[in-house]
Amino acid sequence: MGDSAADGTNGTGRGTGLPAGDGTGRDTGLPAGDGTRAVRAGLPEPVKHEPTLPGPVFAAHFHLPGEPTGPYTYGRDENPTWTLLEQAIGELESPGQDVRTLVFASGMAAISAVLFSQLRAGDAVVLPDDGYQALPLARAQLEAFGVEVRTAPTGGDAQLDVLDGARLLWIESPSNPGLDVCDIRRLVEAAHARGALVAVDNTLATPLGQRPLELGADFSVASGTKQLTGHGDVLLGYVAGRDGEAMAGVRRWRKIVGAIPGPMEAWLAHRSIATLHLRVERQNASALALAEVLRGRPEVTGLRYPGLADDPSHAVASRQMRRFGCVVSFTLPTRVRAERFLDALRFVDDATSFGGVRSTAERRGRWGGDAVPEGFIRLSVGAEDPADLVADVLRALDESAR
Ligand SMILES: *Cc1c(COP(=O)(O)O)cnc(C)c1O
């Protein structure tokens with residue numbers, strides 16, 4: 001097993017033999033909108049008699065006579081199906097820029113790769129205290145390795161107050177499940193002025209909703225399990241970044257831990273990205289429509305959707321987001337009321353996760369990890385007809401009151 005390219009990461013036009021282009025995967029020289037970019041992302045130059053998206057390459061190792069040079073040597077470090085997917089994600093995260101992207105077996109594998117490759121004993125890291133529910137587990141492990149962990153809420157840019165002396169700032173905006181938003185550019189500037197790196201969890205927004213690297217972040221990290229792939233059938237994660245040295249560290253970590261996606265998962269993810277724009281447009285528009293209807297219901301409190309004009313996050317979100325996501329959160333008066341509501345829904349499955357084409361909702365408090373009220377609901381809007389969804393939710397609210 002050998003190392004390949006010196007910087008070891010797949011950037012736009014790197015490692016694939018493809019030209020660096022305008023983000024459409026081909027150097028057409030034409031500007032491309034999000035829909036065009038999504039359907040073409042990461043596709044190689046057309047070759048007569050070859051498929052548009054080459055099939056998954058199942059290989060633990062590759063033929064390698066003579067000197068063990070890359071690009072493809074051993075399957076824990078390199079795979080051509082990953083290369084195309086990494087190129088696709090890079091083109092969406094930061095069109096036209098030289099971005100390096102690495103795919104992982106899951107979102108948590110990607111998050112852990114950044115945290116554990118960039119932090120050493122004695123370093124300090126700032127995490128959100130209202131972020132993804134596995135972050136406290138990562139916190140305990142970081143502390144066991146001698147890293148100082150500080151936390152602050154996402155809202156109000158409160159992480160600014162605990163930045164001094166930190167090596168890494170971890171942002172999750174919008175946060176899951178509370179949907180708070182912070183001013184990413186402002187936090188990045190403050191962190192960089194103090195010599196800290198910045199990573200943004202871009203899971204909820206997707207690269208079509210927000211481009212953290214363009215807002216100055218060093219890493220855009222996400223779970224591809226959610227809206228990026230959108231069918232609830234694949235676990236995936238990725239890290240995108242511009243800094244070759246930092247990304248080489250992330251890649252080394254992937255190689256040490258081996259948290260790699262299978263070729264089939266990588267291929268399914270790439271295939272799913274072709275419809276990302278369609279799904280995001282539909283799901284996010286329906287999420288806004290549903291939020292507007294929920295706003296008029298007396299039993300609903302704490303309604304959050306960053307796309308609502310009167311949401312506390314709307315002003316900041318409008319400055320840095322291009323689309324506001326497919327998740328709506330709100331609170332019903334009691335746990336029993338929330339459970340009855342979930343039972344009464346017909347087009348919304350009671351399930352965790354979010355971002356899929358089929359709507360899901362859950363009473364988040366059942367997990368015990370998030371600081372949310374007992375009646376707190378996180379609802380992920382799918383690709384069903386918006387009128388059917390709105391009618392279903394209104395009927396379930398009525399039934400839950402009986
Ligand atoms: C789901 C999620 C993760 C973890 O992703 P997995 O693919 O489940 O490992 C990380 N961050 C956020 C915001 C998530 O929603």
Side-chain angles (χ1 to χ4, degrees), residues 85 89 93 101-116 125 127-139 141-142 151 153-155 159 169-182 184 199-207 209-210 212 217 219-240 250 253-254 257-262 265-266 268-269 272-273 280 283 287 304 306 313 317 321 324-329 351-356 360-362 364 367 369-372 376-381:
L85 175 61
I89 294 170
E93 278 284 344
T101 305
L102 293 161
V103 287
F104 286 84
S106 66
M108 279 313 297
I111 289 172
S112 299
V114 173
L115 292 174
F116 293 102
V125 59
L127 302 181
D129 67 12
D130 52 354
Y132 183 61
Q133 63 175 358
L135 286 184
L137 300 175
R139 172 189 189 145
Q141 189 62 61
L142 287 165
T151 61
T154 299
Q159 289 178 312
L169 166 62
W170 193 273
I171 291 172
E172 189 177 307
S173 180
S175 61
N176 169 25
L179 302 181
D180 253 328
V181 171
C182 59
I184 294 176
V200 176
D201 185 324
N202 205 27
T203 303
L204 204 133
T206 83
Q210 178 169 273
F219 305 100
S220 182
V221 186
S223 168
T225 312
K226 314 291 169 58
Q227 203 176 15
L228 184 82
T229 59
H231 292 69
D233 52 12
V234 169
L235 281 142
L236 191 89
Y238 68 84
V239 180
V250 175
W253 181 265
R254 182 176 71 176
V257 174
I260 53 166
E265 281 73 15
L268 278 170
S272 303
I273 285 174
V280 160
Q283 292 175 243
R304 295 302 301 269
S313 294
M321 298 183 76
F324 301 111
C326 65
V327 179
V328 176
S329 65
T352 194
S353 199
F354 61 85
T360 55
E362 70 172 334
R364 199 61 192 167
W367 294 95
D370 304 316
V372 293
F376 180 94
I377 303 274
R378 185 183 68 189
L379 199 156
S380 170
V381 177

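All ligand and atom numbering here is 1-based and tracks the order in the structure. The shown structure was predicted, so the numbers you read here are calculated from the model rather than taken from an experiment.
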**Study point:** ligand 1 atoms in contact with Thr203 (distance to a heavy atom under 4.0 Å)
**Key:** 11 (N), 12 (C), 13 (C), 14 (C), 15 (O)

Point to revise | Pairwise distance CG(Leu228) to CG(Leu236) - rounded to 0.5 angstrom | key: 7.0 Å

**Study point:** Ala109 N/O to ligand 1 N/O under 3.5 Å
**Key:** no

Exercise for review: Please tell me if the side chains of Leu115 and Gln141 come closer than 4.5 Å, counting only heavy atoms from C-beta onward.
Suggested key: no

Check your understanding: If you measure from each non-hydrogen atom of Ile111 to ligand 1, which part falls under 4.0 Å: side chain, backbone, both or neither?
Key -> side chain

Review point. With a cut-off of 4.0 Å, which atoms of ligand 1 are near a heavy atom of Asn176?
Key: 14 (C), 15 (O)

Practice item. Starting from atom 12 (C) of ligand 1, find the nearest protein heavy-atom neighbour and note its residue, name and distance. Key: Asp201 OD2, 3.5 Å

Exercise for review: List the atom of Val239, the atom of Ala110, and the distance in Å for their closest heavy-atom pair.
Suggested key: CG2-O, 3.6 Å

Study note, to complete from the structure: Here the pair of heavy atoms bringing Thr352 nearest to Arg378 is OG1-NH2, 3.6 Å

Check your understanding: What atoms of ligand 1 come closer than 4.0 angstrom to any heavy atom of Phe354?
Key -> 15 (O)

Review point. Considering only protein heavy atoms, which is closest to atom 6 (P) of ligand 1, and at what distance to one decimal place?
Key: Gly107 N, 3.3 Å

Check your understanding: Is the shortest N/O to N/O distance between Met108 and ligand 1 below 3.5 Å?
Key -> yes

Exercise for review: Could you tell me the residue and atom name of the protein heavy atom closest to atom 8 (O) of ligand 1, and the distance to it rounded to 0.1 Å?
Suggested key: Tyr132 OH, 3.9 Å

Practice item. Please report which non-hydrogen protein atom sits nearest to atom 15 (O) of ligand 1, along with the residue it belongs to and the distance in Å to one decimal place. Key: Lys226 NZ, 2.7 Å

Revision key, fill the gap. Nearest heavy-atom approach of Phe376 to Pro177 is CZ-O, 3.5 Å

Check your understanding: Is any side-chain heavy atom of Val200 less than 4.5 Å from a side-chain heavy atom of Gln210?
Key -> yes

Point to revise | Per-atom contacts of ligand 1 with Glu172, taking only distances under 4.0 Å to non-hydrogen atoms | key: 13 (C)

Review point. Looking at Thr154, Leu204, Val327, which hits side chain to side chain contact (heavy atoms under 4.5 Å, CB included) with Pro174?
Key: Leu204

Review point. Got Leu169 and Gln159 here, is their nearest side-chain heavy-atom distance under 4.5 Å?
Key: yes

Check your understanding: If you take all heavy atoms of Thr203 and Ala222, which pair is closest and at what distance?
Key -> OG1-CA, 3.5 Å

Check your understanding: So which heavy atom in the protein is nearest atom 7 (O) of ligand 1, and how far is it from that ligand atom?
Key -> Thr225 OG1, 2.6 Å

Study note, to complete from the structure: The atoms of ligand 1 lying under 4.0 Å from a heavy atom of Leu236, numbered in the order shown, are 7 (O)

